[in-house]
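Any value given below was found using the heavy atoms of this structure, including those in side chains, with hydrogens, waters and symmetry copies removed. Note that the structure is predicted; figures quoted are calculated from it, not measured.
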Amino acid sequence: MNRQRISSGSPFEEQIGYSRAVVAGDWVLVSGTTGFNYATMQISDDVVQQAEQCFLNIEAALHEAGASLDDVVRVNYVLPDASLFEACWPVLRKYLGRARPAAMMISAGLLDPRMKIEIEVTALKAR
């Protein structure tokens, strides 16, 4: 099976040694994605704005892979502060409300203390 690697241009990918997404057949696996704007390497202090940026980053990777947010079948959310999760719900519904993937939220520390949410998705491209 051929693998296609997708990069966002984030310096983290090179420094850590991973791809933003990997396409394997009809599957698209998008790495945990944070709220950094990769063009500017800026990140908001607001968890809701970070969630929005996460989905913009994820959407770009899916588009490059020939998929969309409607193809997402699994999503994992990681937040250092679980009490902030509910504030993100409208953003999650905005981007995944049609797909309604299987989901899990984990409360755990993230690599950079500025990061308030990280989102990982798996998509199955529509045939």
Side-chain angles (χ1 to χ4, degrees):
M1 178 184 312
N2 290 335
R3 285 192 338 172
Q4 174 190 0
R5 292 181 186 91
I6 294 172
S7 174
S8 66
S10 163
F12 299 127
E13 295 167 29
E14 180 66 29
Q15 292 168 354
I16 300 170
Y18 70 97
S19 297
R20 171 64 39 221
V22 174
V23 182
D26 291 332
W27 291 98
V28 183
L29 298 97
V30 180
S31 293
T33 303
T34 62
F36 274 96
N37 176 326
Y38 296 126
T40 65
M41 286 312 293
Q42 299 294 313
I43 190 167
S44 171
D45 288 333
D46 179 69
V47 70
V48 173
Q49 290 177 0
Q50 285 192 27
E52 281 275 351
Q53 186 63 53
C54 287
F55 278 109
L56 294 175
N57 296 339
I58 290 166
E59 194 169 40
L62 289 170
H63 178 75
E64 190 171 336
S68 75
L69 288 166
D70 289 342
D71 296 320
V72 173
V73 295
R74 180 84 175 145
V75 61
N76 293 312
Y77 305 103
V78 181
L79 290 89
D81 182 350
S83 71
L84 298 177
F85 189 51
E86 189 171 354
C88 298
W89 291 358
V91 175
L92 312 183
R93 190 170 46 252
K94 172 183 170 182
Y95 287 97
L96 295 177
R98 285 195 313 227
R100 296 181 61 133
M104 181 171 73
M105 192 285 280
I106 300 167
S107 181
L110 295 174
L111 183 64
D112 182 321
R114 296 174 292 173
M115 298 172 181
K116 296 184 179 180
I117 187 168
E118 185 168 349
I119 303 172
E120 172 193 61
V121 305
T122 301
L124 180 59
K125 291 195 265 185
R127 292 180 179 241

* Could you tell me which non-hydrogen atom of Val28 sits nearest to which non-hydrogen atom of Ala21, and how far apart they are? => CG1-CB, 4.4 Å
* Structure fact -> Of all heavy-atom pairs linking Gly25 and Lys125, the shortest is O-CE, 3.8 Å
* To do: Provide the closest heavy-atom pair for Ala39 versus Asn37 in the form atom of the first, atom of the second, distance.
  => N-OD1, 2.9 Å
* Asked: Do Met105 and Val73 share a hydrophobic cluster (ILVMFWY, side-chain heavy atoms under 4.5 Å, transitive)?
  -> no
* Do you reckon Val121 sits in the same ILVMFWY cluster as Leu110, going by side-chain contacts under 4.5 Å, direct or chained? -> no
* To do: Decide whether Val78 and Val48 are clustered together by the hydrophobic rule: side chain heavy atoms of Ile, Leu, Val, Met, Phe, Trp, Tyr closer than 4.5 Å, transitively.
  => no
* Kindly indicate whether the side chain of Asp112, heavy atoms from C-beta on, has any atom under 4.5 Å from the side chain of Ile43. => no
* To the nearest 0.5 angstrom, please state how far the OG atom of Ser31 sits from the CD1 atom of Ile58. => 10.0 Å
* Quick one: CE on Met104 to CZ on Arg74, what's the gap to the nearest 0.5 Å? -> 5.5 Å
* Among Glu59, Arg20, Gln53, Glu118, find the residue that satisfies the side chain to side chain contact (heavy atoms under 4.5 Å, CB included) test when tested with Thr33. => Arg20
* Would a 4.5 Å heavy-atom cut-off, applied to side chains only, mark Leu124 and Trp27 as touching? -> yes
* Which heavy-atom pair separates Ser44 from Gln50 by the least distance, and what is that distance? -> O-NE2, 2.7 Å
* Asked: To the nearest 0.5 Å, what is the distance between OH (Tyr18) and OG (Ser10)?
  -> 4.5 Å
* **Gap between atom OG of Ser7 and atom CD of Glu64 - 0.5 Å precision** => 8.0 Å
* Could you go through the side-chain contact (heavy atoms from CB on, under 4.5 Å) check for Leu84 and Ile117 one step at a time? => CA-CA 9 Å; Leu84 298 177; Ile117 187 168; over 6 Å; no
* **Heavy-atom side-chain contact between Leu96 and Val75 under 4.5 Å** => yes
* **Leu56, CG atom: more than 12 neighbouring heavy atoms under 6.0 Å** => yes
* Side chain proximity check, Phe55 to Leu92, heavy atoms < 4.5 angstrom -> yes
* Euclidean distance, Asp46 CG relative to Lys116 NZ, rounded to 0.5 Å -> 7.0 Å
* To do: Could you check whether the rings of Phe36 and Phe12 sit parallel, tilted or perpendicular, using 30° and 60° as the cut-offs?
  => perpendicular
* Asked: Got a second to check how far Asp45's CG is from Gln49's CD, nearest 0.5 Å?
  -> 9.0 Å
* Structure fact -> For Val72 and Pro101, the nearest pair of non-hydrogen atoms, with its separation, is O-CB, 3.6 Å
* Met115 reachable from Ile16 in the ILVMFWY side-chain graph, under 4.5 Å edges -> yes
* **Residue pair Asp81 / Ser107: nearest heavy atoms and the distance that separates them** => N-OG, 4.4 Å
* **Transitive ILVMFWY side-chain link Tyr38 to Ile6, under 4.5 Å** => no
